[in-house]
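Below: one structure, written as structure tokens.
Letters go in sequence order (proteins before strands), and every chain restarts at 1.
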Number of protein chains: 2
Amino acid sequence: MRAIDAKQSPDTRERILDAAEALFVEHGFEATSMRLITGRAGVNLAAINYHFGSKEALIQDVFRRRLTWLNEARLSALERFEKEAGGAPLKPHQIVEAFFGVSLRMAADTAHGGHTFMRLLGRTYTEPSAFVRQFLADEYAAVVPRFKQALFRALPDVPPEEILWRFHFMLGAMSYAIAGTDALQLVSGLELDEKDPEALSRRLMPFLLGGLRAPLAGPAAKTRNPRKAA
Amino acid sequence: MRAIDAKQSPDTRERILDAAEALFVEHGFEATSMRLITGRAGVNLAAINYHFGSKEALIQDVFRRRLTWLNEARLSALERFEKEAGGAPLKPHQIVEAFFGVSLRMAADTAHGGHTFMRLLGRTYTEPSAFVRQFLADEYAAVVPRFKQALFRALPDVPPEEILWRFHFMLGAMSYAIAGTDALQLVSGLELDEKDPEALSRRLMPFLLGGLRAPLAGPAAKTRNPRKAA
DNA sequence: GCTCGTTTCAAACGGACGTTTGAATGATAC
DNA sequence: GTATCATTCAAACGTCCGTTTGAAACGAGC
């Protein structure tokens with residue numbers, strides 16, 4: 001009856017994945033109904049449960065389809081730099097390039113859906129749904145420690161905890177820059193130039209490096225007068 | 001029958017707003033049912049429609065309750081610096097302090113719900129729902145142009161477009177740092193120290209300033225080999 | 001041409017959703 | 001005590017949700 005683990009019927013499966021990916025970006029997971037997905041994909045409502053098993057499983061497959069490739073690309077970029085360095089610590093800009101540069105290049109690919117997926121991924125970092133969070137944690141388990149270690153070696157004078165915070169901030173700036181394009185208009189009236197998908201990368205990479213290498217704050221916090229919220 | 005515009009019944013209204021705020025952060029707008037909200041608030045299901053009119057109106061009131069105050073605090077902080085400067089351009093760190101410092105101080109207020117609200121606000125920047133986006137745009141219309149202009153004056157050597165991008169990146173780093181605490185654990189195993197709510201501010205502000213003042217990229221993009229996504 | 005496993009399809013399932021209703025309750029003014 | 005208002009309450013409304021079902025259509029192997 002069912003063929004949940006099978007690889008058959010490439011057409012229907014791919015059509016569903018494409019439609020779901022686009023609709024998840026547009027409306028979020030909860031607000032995207034299976035009837036909306038199957039309607040856009042031009043397939044029968046029951047096709048999702050037949051091919052994927054459930055809506056949750058579909059969501060996971062939407063991520064798996066591209067995230068595995070993305071993380072492998074990040075790792076191989078890092079390893080290429082490490083081979084070039086021959087045992088010496090990498091430069092910070094190389095590590096940032098390997099992780100964020102690869103991501104931004106995928107986000108610049110509007111032809112094959114990479115752009116849509118990266119918007120979805122950025123949105124999802126703030127998604128509270130438990131099973132999505134767990135899934136992302138598993139997918140990142142292999143790649144994050146490698147980048148952490150590379151950063152520790154590249155910035156021996158910066159406390160490791162500070163590096164982790166800054167990695168977190170960089171991830172946020174990128175995710176938001178990709179996922180929150182509406183907010184960009186809100187703030188500035190700017191719009192992403194579709195003709196030049198590399199523009200974001202050219203703007204963002206210097207910002208990330210500037211933040212990563214910012215001087216450390218002194219031991220005394222420089223906040224002024226803590227104030228209560230209303 | 002209805003008293004949608006009235007200010008009566010402070011207790012029920014506030015209980016609903018508090019419960020909704022917390023649950024929206026935890027589950028998102030769509031996944032938070034009115035039965036869940038009223039159950040947590042200890043009020044009758046019909047109370048939301050009676051006091052607010054609809055679920056959408058409740059969502060807007062959850063934001064309005066704190067966002068108006070936040071934006072006024074941002075503006076007054078900016079104006080205080082401008083008065084001190086007496087017509088001279090502000091320092092970048094003052095502008096960043098006025099906008100992001102005020103926000104982070106609200107996010108550090110765990111006692112009066114400011115922390116919960118700032119997490120919700122951060123989440124919402126990537127929320128695609130149309131009416132929420134429009135609402136946020138209206139609320140920010142008065143404050144954003146003021147900060148834009150202050151930044152243009154503070155950084156006369158940086159192209160205005162570049163400044164807008166970097167403001168966008170800073171907003172992303174902060175939103176994500178506040179809203180995506182789960183992702184922080186994912187990346188690093190770090191956890192926010194509840195005992196020291198100022199920690200985030202002390203870490204984030206130098207990062208934001210480092211990114212804002214980062215050297216401009218040369219006219220020639222330094223990307224290497226554009227690659228297609230699978 | 002028949003068989004068998006895979007895929008598609010229309011229809012229905014129980015349940016949860018946001019909203020509405022009309023009566024009960026409570027408090028205030030006369 | 002009675003009238004008047006705002007508020008609370010249990011119950012029900014119609015709709016949409018994710019999922020399941022059983023039959024129809026399809027396609028490859030013999």
Side-chain angles (χ1 to χ4, degrees), chain A residues 1-63 127-132 135, chain B residues 1-63 127-132 135:
Chain A
M1 285 291 187
R2 283 167 247 174
I4 294 176
D5 313 283
K7 303 279 182 189
Q8 306 97 323
S9 179
D11 205 47
T12 299
R13 266 187 71 98
E14 289 282 312
R15 291 165 66 89
I16 291 173
L17 288 170
D18 289 341
E21 187 174 68
L23 288 168
F24 286 155
V25 170
E26 206 169 336
H27 304 109
F29 298 131
E30 296 275 349
T32 301
S33 71
M34 301 177 64
R35 285 165 179 82
L36 203 60
I37 297 170
T38 52
R40 173 145 168 174
V43 303
N44 187 270
L45 167 61
I48 289 181
N49 281 288
Y50 177 76
H51 284 283
F52 299 92
S54 69
K55 187 182 179 182
E56 280 202 5
L58 167 64
I59 294 173
Q60 298 204 19
D61 272 15
V62 165
F63 281 99
E127 171 79 26
S129 165
F131 83 97
V132 175
F135 174 76
Chain B
M1 286 289 183
R2 281 166 252 172
I4 293 178
D5 313 283
K7 302 280 181 188
Q8 306 99 323
S9 179
D11 205 46
T12 300
R13 266 187 72 97
E14 288 283 313
R15 291 166 65 89
I16 291 173
L17 287 171
D18 288 341
E21 188 174 67
L23 288 168
F24 287 155
V25 169
E26 207 170 335
H27 304 109
F29 299 130
E30 296 275 349
T32 301
S33 71
M34 300 176 65
R35 285 165 179 83
L36 202 61
I37 297 169
T38 52
R40 174 143 167 176
V43 302
N44 187 270
L45 167 62
I48 290 181
N49 282 289
Y50 177 77
H51 285 282
F52 299 91
S54 69
K55 187 181 179 182
E56 280 203 5
L58 168 63
I59 294 173
Q60 298 203 19
D61 273 14
V62 166
F63 281 100
E127 172 79 26
S129 165
F131 83 98
V132 176
F135 175 77

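- The CZ atom of F131(A) sits 12 Å away from the P atom of dG18(D) (whole-angstrom rounding).
- Distance D11(B) CG to dG26(C) C1': 15 Å, rounded to the nearest Å.
- Neither OP1 nor OP2 of dT6(C) sits under 4.0 Å from any side-chain N or O of H51(A).
- The CZ atom of F29(A) sits 13 Å away from the P atom of dG18(D) (whole-angstrom rounding).
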Compile the donor-acceptor pairs under 3.5 Å between side chains in residues 35-47 of chain A and protein atoms, sequence neighbours left out, one pair per line.
unit_1: T38(A); atom_1: OG1; unit_2: M34(A); atom_2: O; d: 2.8
unit_1: T38(A); atom_1: OG1; unit_2: R35(A); atom_2: O; d: 3.3
unit_1: N44(A); atom_1: OD1; unit_2: A46(A); atom_2: N; d: 2.9

Please walk me through it: do T12(A) and Y50(A) pass side chain to side chain contact (heavy atoms under 4.5 Å, CB included)? CA-CA 11 Å; T12(A) 299; Y50(A) 177 76; over 6 Å; no

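- When each of dT19(D), dC9(C), dT8(C) is scored by its nearest atom to the side-chain atoms of T12(A), the top-ranked nucleotide is dT8(C).
- Atom CD1 in I48(A) sits roughly 18 Å away from atom P in dT21(D) (whole-Å rounding).
- Taking atom CG of L23(A) as the reference point, atom P of dC17(D) lies 12 Å away to the nearest angstrom.
- Atom P of nucleotide dT7(D) and atom CZ of R15(B) are separated by 16 Å, given to the nearest angstrom.
- Less than 4.0 Å separates DNA chain D from at least one heavy atom of each of the following residues of residues 31-42 of chain A: T32(A), S33(A), M34(A), R35(A).
- Closest of all the heavy-atom pairs between N49(A) and S54(A) is OD1-CA, 3.7 Å.
- When the P atom of dC26(D) is taken as reference, atom OH of Y50(A) falls 16 Å away, rounded to whole Å.
- Contact annotation: N49(B) side-chain N/O to dG18(C) OP1/OP2 distance is not under 4.0 Å.
- Atom CG of L23(B) is separated from atom CG of D18(B) by 11.0 Å, given to the nearest 0.5 angstrom.
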R15(B)/D11(B) under side chain to side chain contact (heavy atoms under 4.5 Å, CB included): CA gap, chis, key distance, verdict: CA-CA 6 Å; R15(B) 291 166 65 89; D11(B) 205 46; 3.7 Å; yes

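- For the salt bridge (charged side-chain N to carboxylate O under 4.0 Å, His left out) condition, the pairs that include at least one residue of residues 47-63 of chain B, sequence neighbours left out, are R13(B)-D61(B), D61(B)-R64(B).
- L45(A) comes within contact range of at least one nucleobase, with a heavy-atom separation under 4.0 Å.
- Summary for the helix from dG1(C)-dC30(D) to dA27(C)-dT4(D): the axes at its two ends, each from 5 pairs, differ by 0° when rounded to the nearest 10 degrees.
- Mapped onto DNA chain D by nearest heavy atom, K55(A) and N44(B) fall at different nucleotides, with N44(B) at the one closer to the 5' end.
- The distance between atom CZ of F52(B) and atom C1' of dA6(D), rounded to the nearest whole Å, is 16 Å.
- Atoms CD and OG1, on E26(A) and T32(A) in that order, are 8.0 Å from each other to the nearest 0.5 Å.
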